[in-house]
Amino acid sequence: MAPVTRRTSFPKVVIERDSDSEQSSSDEEQEEDETLEEEQEQEEENGVIENAKIEKLEVGFDANRKGKTPITLTLRKVCKVCKKPGHEAGFKGATYIDCPMKPCFLCKIPGHTTLNCPHRVTTEHGVVPAPRRKTSKPLEYVFERQLRHAIPTIKPKYMIPDQVNCAVIRYHSRRVTTLEFHPTKNNILLSGDKKGQLGVWDFEKVHEKVVYGNIHSCIVNNMRFNPTNDCMVYSASSDGTVSCTDLETGISSSPMNLNPDGWQGPNTRKMLYGMDINYEKGLVLVADSFGFLHLVDMRSNHRNGDAVLIHKKGSKVTGIHCNPIQPDILLTCGNDHYARIWDMRRLEAGSSLCSLEHNRVVNSAYFSPISGNKILTTSQDNRLRIWDSIFGNMESPSREIVHSHDFNRHLTPFKAEWDPKDPSESLAVVGRYISENFNGTALHPIDFIDTSTGQLVAEVMDPNITTISPVNKLHPRDDILATGSSRSLFIWKPKERSEPVEEKDERKIVVCGKAEKKRGRKKVDNSDESDDDGFISKLKKPKLKQTEWKLSRCSKKDNR
DNA sequence: AACCTATGAGACC
DNA sequence: TGGTCTCCCTAGGT
């Protein structure tokens, strides 16, 4: 095909300019034109631009109107990210092509794109080794002498729940924002959504599910069971209330309401995010979007004491975690880019024991589940951070792991969570933002990461889950992963242990909601299984063969 | 198929 | 410090 020059083939737009600025405008235009010409020549040499890419558009203005001289602009396809011509960012099929003018979307360092990011291709998935430091602090000495032996150094073989066992499709009416397993009933999963609804699902019986719709008026951010009565669950919501709900009846009370006058505009409205329970003191700890910590006494179900400023005034506190061994020790994190450790026994503004600095907002911070001695944080700078010992040097994290979990206002924030069953306190699970081209489908895996090495132990995905899965919870006792992805819930089990469900290789799926028909999923006769708002169907077998499922494990020799 | 939008954080002034 | 503008892999709806 004959070469096409920009001047003849690019669309032209003629706009009016005031005559006094005409000269300079034309000069600028000329400069711009020449730059474009050079770029275009470069592109043609590289074969980047083809004729098909060039949009034909002629827009004419009346040049003689009001006696103003028209100038001519040319339009061409530009990158939607940087607005510059010569390349285009976006999906090419199922592969996303980054804008080369922007820093890497994964590690945020300029000079390369996600496709060739060194953190993407290494098996360690972007771990930054722990810096060598002096370990001369007395507390670290105590740790080494008295506590280190209690932590096993031999890691078990990880049982990765990597196969969808059952699911409720479009169970909630808005996206799932939080998940919690029942503390004693192994097959009960609680879920909260953006609309304020609370779901209770028995995933062994699959179709036994209920959604309570009148507990909160918007996002449920956190849920915790009452440790003395596992029928009652506390929930913190962006509506500014803490609710205490009876799971049997769905009847709830509000021990705390920070917006007693209702909606007074977005600037005054207080929202509740982080929440945890200090079981020794019988207190619910909950933090708001203005930097304050509030307490609710579980016995009286009333507020207890005054709010304490624990993060920058006016900034959101995104998470609270009580240490599993010493519940008076608190870990909080927030939009002020800090995670902080506190002692509840002397809690006042500015009295934190320790401040852990991050580059961006900290979505979550958790003590390790067994010893409570490690800390894992998820920050919006696309890094997971691990502190190996709260008794050691806390000035900088022991490791930083580059991992794609970007902030997106339309997604629930990603939170990396420990595996509560891993005695070595290494394994963590976190959803991934960027997709992989997986046999022509863009899938967003759920990553299992060995936080002691930064190694990606497994990336699990299912061809039927095409949406991002920011909410993940590992079962406290069983090898089960619960995933909240958009409006749906999924239960994963290890392939080795997946129990055959009626027919081999078929998974139990409950489908709710009208949108399912649109997707062409086959409606089946469910007269004896279905409830009012849904129907049950069997998902088709995976479109991909199992051998093609992407699952990598760290080899045994890598485990000390 | 092509819009529309709910909505959060950061940059900038 | 506060208002305003911008924004790269959403998901579901019209």
Side-chain angles (χ1 to χ4, degrees), chain A residues 78-84 87-110 112-115 117 120 169-177 193-196 217-219 221 238-239 263 265-269 271 273 289-291 311-318 333-337 358-363 379-382 403-414 431-438 440-445 461 464-471 484-488 511-519 521:
Chain A
V78 296
C79 170
K80 67 175 180 182
V81 177
C82 68
K83 318 289 184 230
K84 291 194 176 113
H87 62 274
E88 282 180 75
F91 274 106
K92 285 267 185 303
T95 305
Y96 192 91
I97 308 298
D98 273 355
C99 169
M101 310 302 283
K102 291 277 182 172
C104 170
F105 193 61
L106 174 55
C107 73
K108 308 302 178 195
I109 295 168
H112 63 270
T113 64
T114 312
L115 278 181
C117 175
R120 186 180 179 120
I169 308 290
R170 289 181 174 76
Y171 174 42
H172 285 272
S173 54
R174 291 288 183 273
R175 66 171 200 249
V176 173
T177 52
D193 72 19
K194 189 173 163 291
K195 206 180 174 188
S217 60
C218 64
I219 313 178
N221 290 306
S238 289
D239 65 9
W263 175 255
N267 294 332
T268 53
R269 181 187 175 84
M271 303 183 270
Y273 284 83
S289 51
F290 285 78
H311 280 270
K312 185 181 171 186
K313 197 169 187 180
S315 75
K316 186 195 292 178
V317 181
T318 52
C333 56
N335 276 21
D336 62 355
H337 301 192
H358 293 70
N359 295 331
R360 289 294 186 93
V361 167
V362 189
N363 287 344
S379 172
Q380 289 182 7
D381 65 356
N382 260 6
H403 179 265
S404 172
H405 48 256
D406 274 88
F407 169 78
N408 179 320
R409 66 192 140 155
H410 308 299
L411 296 175
T412 308
F414 289 84
R432 197 193 302 173
Y433 191 89
I434 51 174
S435 58
E436 296 280 349
N437 181 345
F438 198 68
T441 313
L443 297 178
H444 307 267
M461 52 192 125
N464 291 294
I465 309 175
T466 55
T467 48
I468 295 175
S469 307
V471 190
S485 191
S486 185
R487 294 164 52 186
S488 305
V511 183
C512 314
K514 56 190 172 187
E516 208 46 38
K517 291 170 199 163
K518 239 168 96 179
R519 293 265 168 137
R521 197 153 280 151

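Per chain, numbering begins at 1; letters A, B, ... match sequence-line order. Values reported hereafter were calculated over all heavy atoms of this structure, with side chains retained and with hydrogens, waters and symmetry mates removed.
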Between Ala89(A) and Lys312(A), whichever has its closest DNA chain C nucleotide further toward 5' is Lys312(A)

On DNA chain C, check which nucleotide each of Ser486(A) and Ala442(A) is closest to and give me the residue with the more 5' one.
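The residue mapped nearer the 5' terminus is Ala442(A).
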
- Query: Does OP1 or OP2 of dA11(C) have a side-chain N or O of Arg170(A) closer than 4.0 Å?
  - Reply: no

Please output the side-chain donor-acceptor pairs of residues 98-109 of chain A that fall under 3.5 Å, not counting sequence neighbours, one pair per line with the distance.
{"unit_1": "Asp98(A)", "atom_1": "OD2", "unit_2": "Thr114(A)", "atom_2": "N", "d": "2.9"}
{"unit_1": "Asp98(A)", "atom_1": "OD2", "unit_2": "Thr114(A)", "atom_2": "OG1", "d": "2.3"}
{"unit_1": "Lys108(A)", "atom_1": "NZ", "unit_2": "Phe105(A)", "atom_2": "O", "d": "2.9"}
{"unit_1": "Lys108(A)", "atom_1": "NZ", "unit_2": "Asp406(A)", "atom_2": "OD1", "d": "3.4"}
{"unit_1": "Lys108(A)", "atom_1": "NZ", "unit_2": "Asp406(A)", "atom_2": "OD2", "d": "2.7"}

### Query
Any Lys/Arg nitrogen of Glu436(A) or Arg432(A) sitting under 4.0 Å from an Asp/Glu carboxylate oxygen of the other?
yes

Less than 4.5 Å apart, side chain to side chain, heavy atoms only: is that true for Arg269(A) and Asp239(A)? yes

Worksheet entry | Any Tyr433(A) side-chain heavy atom under 4.5 Å of Asn408(A) side chain | yes

Apply the test side-chain contact (heavy atoms from CB on, under 4.5 Å) to residues Lys84(A) and Val78(A): give CA-CA distance (whole Å), side-chain angles for both, the deciding distance (0.1 Å), then the verdict. CA-CA 5 Å; Lys84(A) 291 194 176 113; Val78(A) 296; 6.0 Å; no

Could you check how far [atom1] of [X] sits from [atom2] of [N], rounded to whole Å?
| X | N | atom1 | atom2 | answer |
| --- | --- | --- | --- | --- |
| His405(A) | dT10(C) | NE2 | P | 17 Å |
| His87(A) | dC8(C) | NE2 | C1' | 11 Å |
| Leu411(A) | dT5(B) | CG | C1' | 14 Å |
| Asn464(A) | dA11(C) | CG | C1' | 17 Å |
| Glu88(A) | dC8(C) | CD | C1' | 14 Å |
| Lys80(A) | dA2(B) | NZ | P | 14 Å |
| Asp381(A) | dC8(C) | CG | P | 18 Å |
| Tyr433(A) | dT10(C) | OH | C1' | 7 Å |

Point to revise | Parallel, tilted or perpendicular: ring planes of His405(A) versus Phe414(A), cut at 30 and 60 degrees | key: tilted

Inter-residue atom distance Arg174(A).CZ - Cys218(A).SG, 0.5 Å rounding |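 Interatomic distance, Arg174(A) CZ to Cys218(A) SG, rounded to 0.5 Å: 12.5 Å.
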
**Message:** Between dT7(B) and dG13(C), how far apart are the two P atoms, rounded to whole Å?
**Reply:**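 Result for the P pair: 15 Å, nearest Å.
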
- Message: What contact category does Ile434(A) fall into here, base, sugar-phosphate, or nothing, at under 4.0 angstrom with non-hydrogen atoms?
- Response: base

Within the structure shown, what part of the strands sits under 4.0 Å from Pro103(A) by heavy-atom distance: base, sugar-phosphate, or nothing?
base

Protein heavy-atom contacts under 4.0 Å, written 5' to 3' over nucleotides 7-13 of chain B as B (base), S (sugar-phosphate only) or - (none), form the string BBSS---

